[in-house]
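One structure coming up, written as structure tokens, with questions to follow.
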Amino acid sequence: MKKPKKIAIVIVVGLFVYLSMYTWNLRTGYLDALSSYTGLDVSGLILRPGIWVSDKVSGFWGRYIYLVGLKQENDILREEVAEHRRNAMFLNAEARSAERLERLLGFEAPTRWGFSGARVIAHRMGPSGSLDTLTVDKGSSAGVGNDTPVVSPDGIVGRVLQAGTSASSVLLLTDSNSRIAVFGDQNRSPGMLSGQGYGQPLLVRYVNLNAVIDPGELLLSSGLSGIYPKGLPVARVSKVQRSDISLFLTVLAEPLVDVARLEEVLMLRPDAGPQADQTPVGEEVTDGAIH
Amino acid sequence: MPSTNTILAILWWASYTVLGVWAQKVVPGVDFLAPGIVLSMQEEAGHRTLWLALVWILLLEGMGSLPFGYGVAWYGLLICFYFIGCWLFEARSILFMGLLGIGLGVLHPVLVYSLSNLANLTVPFRPTLLEGLAQAVIFPIVWMAADQLFPKRLRQDVKHL
């Protein structure tokens, strides 16, 4: 056999084997799981000591040396806490009342969600990190699995894309491949929120032309996809445009969370059984669990 | 009982990997481990390069967000580029390393675009092009730095012409 023919056969066979492996993995996900349980965990192990040292140093600096404006900040925070306490008092009363009414009307109690904190150890890493992701220091050993919702105190951050044993990568809501079913807080118009890349506004798709949605309206997760709990804040509508050629409104929104500045996040997981089975009506919701 | 050279090689490559992972955290989209593959082939070609490639493929795939396959194609084609280039250039010349860097810089957006299309994913093209540009510039610099720092007692190559 001549040499060029041999080279051509090697290239064709190599390409065939590679594409077979690629499509087999897309179907089964075995190789993705292998790389998550090896590469992702090892990279987490490599990064964690450096991040721990950096946290300790910056914490020491912030706590004991750089104390400029601490008193003023403390006063502002005290005022905020007092306001939040007042709000919480009224909201707790309303929540208990709504719960009692739901029970009277025979509504099934919503799933109760528990949460655990996780530290962000990296954002996009490596040449194949083309999607908007971040890496957190919690994995399957802490009950985190694929599609686990990730939130911050301001709103939804994204969902777990790949979970390793002690680290996971999170697909951010700003990524073009992220989809979150939402509805407006006031007008309850449904839509599908998708990202357009970091720094770009989010796009709310499939909002009917006759739907009512206002700029400034808060968008909440609708819970329809089964991934995110219902009612979590996701984004705020920034622009609504009526199109002459489309059946849907063009709606843009700004995320509530600045994903580039995130240092800690909360990983949600559904607790076993509905809330009604665990918490008697009138009892306050404890830390570590939300509706 | 492993020899001192083997222990030194393991320590050196482990340190290189740790630094590479940190560099990839700081500069997303650029592979700082690829120059190590070339250096390993130049200095101690054989099973050690294969082990390094295997470990780094798993690292790359684990850290990345595309479905498994990018690292295999990335390092596979880098090794092919290296052997093809060796027919034409002196293996350790900076010109050759610059050309390898440009090759990887072009390969990055091509691979990302092809593989994301196969997986039906949307990836913004402009940042990927910029990452390719950064890869082309960074590759020869990292290779030169690693070559300077590589322990003399582990070298098995011929000296510069």
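Quick caveat: nothing in here was measured; it's all calculated off a predicted structure. Just so we're on the same page: letters track the sequence lines, and every chain starts at 1.
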**Prompt:** Side chain, backbone, both or neither: which part of Val30(B) has an atom under 4.5 Å from a heavy atom of chain A?
**Reply:** backbone

**Prompt:** Which one of Gly76(B), Gly29(B), Pro127(B) has the most heavy-atom pairs closer than 4.5 Å to chain A?
**Reply:** Gly29(B)

**chain B contact via Thr133(A) - which portion, at a heavy-atom distance below 4.5 Å** = side chain

**Asked** Quick one: does Ser128(A)'s side chain have a donor or acceptor within less than 3.5 Å of a partner on Tyr70(B)'s backbone?
**Response** no

**For chain A, the option from Pro124(B), Ala119(B), Gly132(B) that forms the most heavy-atom pairs under 4.5 Å** = Ala119(B)

**Minimum heavy-atom distance Val112(B)-Pro127(A), with the two atoms named** = CG2-O, 4.3 Å

**Asked** Does a side-chain heavy-atom distance below 4.5 Å link Val123(B) with Ser176(A)?
**Response** no

**Message:** As an exercise, state the distance from OG of Ser43(A) to CG of Leu58(B), rounded to the nearest 0.5 Å.
**Reply:** 11.0 Å

**Which portion of Thr38(A) sits near chain B, non-hydrogen atoms under 4.5 angstrom** = side chain

**Item:** Side chain / backbone / both / neither for Ile51(A) at chain B, heavy atoms under 4.5 Å
**Value:** both

**Among Glu131(B), Glu61(B), His108(B), Lys25(B), residue most engaged with chain A (heavy-atom pairs, under 4.5 Å)** = Lys25(B)

**Closest heavy-atom pair and its distance - Trp22(B), Leu47(A)** = CZ2-O, 3.3 Å

**Request:** Could you tell me the separation between the CE atom of Met63(B) and the CZ atom of Arg124(A), rounded to the nearest 0.5 Å?
**Result:** 12.5 Å

**Which atoms of Ala23(B) approach chain A - backbone, side chain, both or neither, heavy atom under 4.5 Å** = neither

**Asked** Which atoms of Leu161(A) come close to chain B, meaning under 4.5 Å heavy atom to heavy atom: side chain ones, backbone ones, both, or neither?
**Response** side chain

**Message:** Please classify the contact of Thr122(B) with chain A as side chain, backbone, both or neither, using a heavy-atom distance under 4.5 Å.
**Reply:** both

**Request:** Flag yes if more than 12 heavy atoms outside Tyr206(A) fall under 6.0 Å of its OH atom; otherwise flag no.
**Result:** no

**Asked** Are any non-hydrogen side-chain atoms of Leu118(B) and Leu19(A) less than 4.5 angstrom apart?
**Response** yes

**Message:** Does any backbone or side-chain atom of Leu115(B) lie under 4.5 Å from a heavy atom of chain A? Answer side chain, backbone, both or neither.
**Reply:** both

**Prompt:** What part of Asp32(A) is in contact with chain B, defined as an atom under 4.5 angstrom from a non-hydrogen atom: side chain, backbone, both or neither?
**Reply:** both

**Item:** Nearest heavy-atom neighbours spanning Gly64(B) and Gln162(A)
**Value:** O-OE1, 3.6 Å

**Request:** Counting only heavy atoms closer than 4.5 Å, note whether Ile46(A) contacts chain B via side chain, backbone, both or neither.
**Result:** both

**Asked** Under 6.0 Å from the CH2 atom of Trp24(A), do we count more than 12 heavy atoms belonging to anything else shown?
**Response** yes

**Message:** Ser130(A) and side-chain contact (heavy atoms from CB on, under 4.5 Å): which single residue from Leu121(B), Leu66(B), Leu111(B) fits?
**Reply:** Leu66(B)

**Message:** If I compare all heavy atoms of Met21(A) with all of Val72(B), which pair ends up nearest, and what's the gap?
**Reply:** CE-CG2, 4.3 Å

**Prompt:** Counting heavy atoms not belonging to Arg119(A), are there more than 12 under 6.0 Å from its CZ?
**Reply:** no

**Item:** Tyr66(A), OH: over 12 other non-hydrogen atoms inside 6.0 angstrom
**Value:** no

**Asked** Do you know the tightest heavy-atom contact between Tyr22(A) and Gly69(B)?
**Response** CD1-CA, 4.1 Å

